[in-house]
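Have a look at the structure below before the remarks.
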2 protein chains.
Amino acid sequence: MGENLPGDAVENGKKSPRTPKHWELKERLAELLRAVSPGGSLPGERALASEFGVSRTTVRKALAELTAEGRLTRVHGSGTFAGEGKLTQRLQLSSYTEDMRSHGRRPTSSLLDARIGAADPELAALLGIRSGDDVLRLRRLRRADGEPMAIETSRLPLPRFPGLDRYVGDSSLYGVLYERYGVELGHAEETIETALATPAEAALLGNEAGALMLLLSRHSFDTEGRPVEWVRSVYRGDRYKFVATLVSPNVVHSSDVSGEGGREL
Amino acid sequence: MGENLPGDAVENGKKSPRTPKHWELKERLAELLRAVSPGGSLPGERALASEFGVSRTTVRKALAELTAEGRLTRVHGSGTFAGEGKLTQRLQLSSYTEDMRSHGRRPTSSLLDARIGAADPELAALLGIRSGDDVLRLRRLRRADGEPMAIETSRLPLPRFPGLDRYVGDSSLYGVLYERYGVELGHAEETIETALATPAEAALLGNEAGALMLLLSRHSFDTEGRPVEWVRSVYRGDRYKFVATLVSPNVVHSSDVSGEGGREL
DNA sequence: GGACTTGAGTGGTTTAGACCATTGCGATTA
DNA sequence: TAATCGCAATGGTCTAAACCACTCAAGTCC
């Protein structure tokens, strides 16, 4: 993160909160890391510990943060290696596939499972059906160049799309919705937040449990405003970032002054 | 995150990766937490350690993850308390101020500092000026109901806005740009990714160093496509989520089939 | 030659314990 | 009454050490 843009000195009015050892170590390791090309390897934890005169625990804490930031990749039993930076995905309308292609990546995605279950009250409300109605749940694993990137879980209301479960898997979900049910998507609402990987997610992504993730939820509606699907995707936070282009006739240039001399937007 | 939606059993084809103690403990604590209303307190680390028969280190690891997810708040010297959920901010055009207001929050923001420095080559390219030209750097701390939420660092090209530094602080930045320089914003490109808090950021946000953050960068252009500002904001990942509404005539309903039997978007 | 075993080296988990820094309250004091 | 001090409890940092799980290559066996 910070990369110490000039003038970022500590300078907080009160007390300087004494930088912990693991943080100082982290910066020294980051420096050491700049001399290593992506994929290059670092010394082992034990070696670093003795070299820098700290305990292995402290080394691990520093390495953990660098890993969470995507600057390191660690492989159990093998070693610690320099990371490769983040991929990006546009928000807005483009598809995962298109987007990866435009970055010269080879996108693939595999269906993990497709099953039918009963909607709980919350899910029923989201999908515009009654509690207990059937819901089709699809789980997909998305990859870029073969590397697992995200787990996507879609839920669709079966009462609205009877037999949908039989058409899934061999062609585009949105294609099927359009051709067999005449449904076109109109708008969607997405939220993005941070999350930590569950062990199951971590296993699928080749990740560690507790790793940083970007949690993206999408609630899609058709052109008439009826809910079509509810999607929850977890993306690897160390390998992914989202991009949105805000085209806007007039991005707020008048607005109220507020607060303590500050401003908004 | 997961909240164990039905059917999330481990079931990865190969080996079950034996759940670590700290994860199991985390789930037990999460359960224990459901019985506590927001703001309520939990037993101390040492008490939990002896109660569950694990070491304090393991307890801390579990608590750290719950904290990162915003489900816990920890206060040094005082105790551990139940969290209060996340606020949301729309992407798109609305302002921080508007958005907080619409959630019934009281938004404020204070100017931390305003200084002029020389642009490095990268920043110069972003702002459409020459390397070494003057750049105005504004740092603001944003709060909701008095609670620090984000640090926003804006950078503007002084050659394009001579004297801008003298007008800042007493009124809307965008208002000044419009009234004194005739600049209207046209579009912006935003990226969202995960990051970890630096000690300095943590101190300002009342956070821990290494805490989960959402890093949002905005690159704004005027109606003629010239760069106006470059903004880097770090939001507390445990207290914030972003929302985007994707209005769209036709969100992809035809597209190519690819990969291993899976599908895209 | 090919399949298997073994072991060294790596990261991952957990423990027990020490000490530090902050908080908040009760007792003491002015 | 009001301010101060001291102390106990809390979370934060760090250490040293043990053990586990995985990887990979060298060596062995068939």
Side-chain angles (χ1 to χ4, degrees), chain A residues 12 14-29 40-68 71-83 196-197 199 202-203 206-211 238, chain B residues 12 14-26 28-29 40-68 72-83 196-197 199 202-203 206-211 238:
Chain A
N12 34 337
K14 308 188 173 181
K15 45 223 158 176
S16 59
R18 128 185 151 74
T19 21
K21 249 186 208 176
H22 65 81
W23 189 276
E24 186 196 345
L25 177 60
K26 178 185 171 185
E27 296 195 327
R28 296 178 69 180
L29 290 176
S41 68
L42 260 69
E45 298 178 349
R46 292 161 179 86
L48 290 172
S50 75
E51 177 177 352
F52 289 98
V54 298
S55 78
R56 200 180 147 211
T57 312
T58 304
V59 171
R60 282 184 60 76
K61 195 156 188 174
L63 290 176
E65 298 207 345
L66 289 169
T67 305
R71 305 210 255 172
L72 283 184
T73 303
R74 320 191 68 188
V75 183
H76 191 164
S78 178
T80 303
F81 310 93
L196 298 179
N207 229 355
E208 324 313 321
D238 59 339
Chain B
N12 36 335
K14 307 188 173 181
K15 45 225 159 178
S16 59
R18 127 185 151 73
T19 23
K21 250 187 206 174
H22 65 80
W23 188 275
E24 187 196 345
L25 176 61
K26 178 185 170 184
R28 296 179 67 180
L29 290 175
S41 69
L42 261 67
E45 298 178 349
R46 292 160 178 86
L48 289 171
S50 74
E51 177 177 350
F52 289 97
V54 297
S55 77
R56 201 180 145 211
T57 311
T58 304
V59 171
R60 282 184 60 77
K61 195 156 189 176
L63 291 176
E65 297 207 346
L66 289 169
T67 305
L72 282 184
T73 304
R74 320 191 67 188
V75 183
H76 192 164
S78 178
T80 303
F81 310 93
L196 298 180
N207 229 355
E208 324 313 321
D238 59 339

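In what follows, chains are A, B, ... by sequence order, proteins preceding strands, each numbered from 1.
Side-chain N/O atoms of B/K61 include one lying less than 4.0 angstrom from OP1 or OP2 on C/dT13. The phosphate of C/dT15 (OP1 or OP2) has a side-chain N or O of B/K21 nearer than 4.0 angstrom. In this structure, A/T58 reaches the D/dT15 phosphate: one of its side-chain N or O atoms is under 4.0 Å from OP1 or OP2.
Going from atom CG of B/L48 over to atom P of C/dT15 covers 14 Å, rounded to whole Å. For A/L72 and C/dG12, the CG to P distance is 11 Å, given to the nearest whole Å. The CZ atom of B/F52 sits 20 Å away from the C1' atom of C/dA16 (whole-angstrom rounding). The distance between atom CG of A/L25 and atom P of D/dT15, rounded to the nearest whole Å, is 10 Å.
By the 4.5 Å heavy-atom criterion applied to side chains, B/V75 and B/F81 are counted as neighbours. A heavy-atom distance below 4.5 Å is not found between the side chains of A/F52 and A/T58.
Here OG1 of B/T57 is found 11.5 Å from NZ of B/K21. Values are rounded to the nearest 0.5 Å. Distance check: B/L29 CG to B/H22 NE2 gives 12.5 Å after rounding to the nearest 0.5 Å. In this structure, CG in A/L25 is found 12.0 Å from OG1 in A/T19, a value given to the nearest 0.5 Å. A distance of 11.5 Å separates NZ of A/K26 from NZ of A/K61, quoted to the nearest 0.5 Å.
Closest of all the heavy-atom pairs between B/V59 and B/E45 is CG1-O, 4.1 Å.
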Please write out the pairs of protein N or O atoms and N or O atoms of nucleotides 5-7 of chain D separated by less than 3.5 Å, giving the distance to one decimal.
none

Collect all protein-nucleotide pairs involving nucleotides 8-11 of chain D in which both atoms are nitrogen or oxygen and the distance is under 3.5 Å.
residue : atom : partner : partner atom : Å
D/dT10  : O2   : B/G77   : N            : 3.4
D/dG11  : OP1  : B/T80   : OG1          : 2.7
D/dG11  : OP2  : B/E45   : N            : 2.7
D/dG11  : N7   : B/R46   : NH1          : 2.9
D/dG11  : O6   : B/R46   : NH2          : 3.0
D/dG11  : N2   : B/H76   : NE2          : 3.0
D/dG11  : N3   : B/H76   : NE2          : 3.2

Derivation and outcome, salt bridge (Lys or Arg N to Asp or Glu O under 4.0 Å), residues B/E51 and B/R28: CA-CA 12 Å; B/E51 177 177 350; B/R28 296 179 67 180; over 6 Å; no
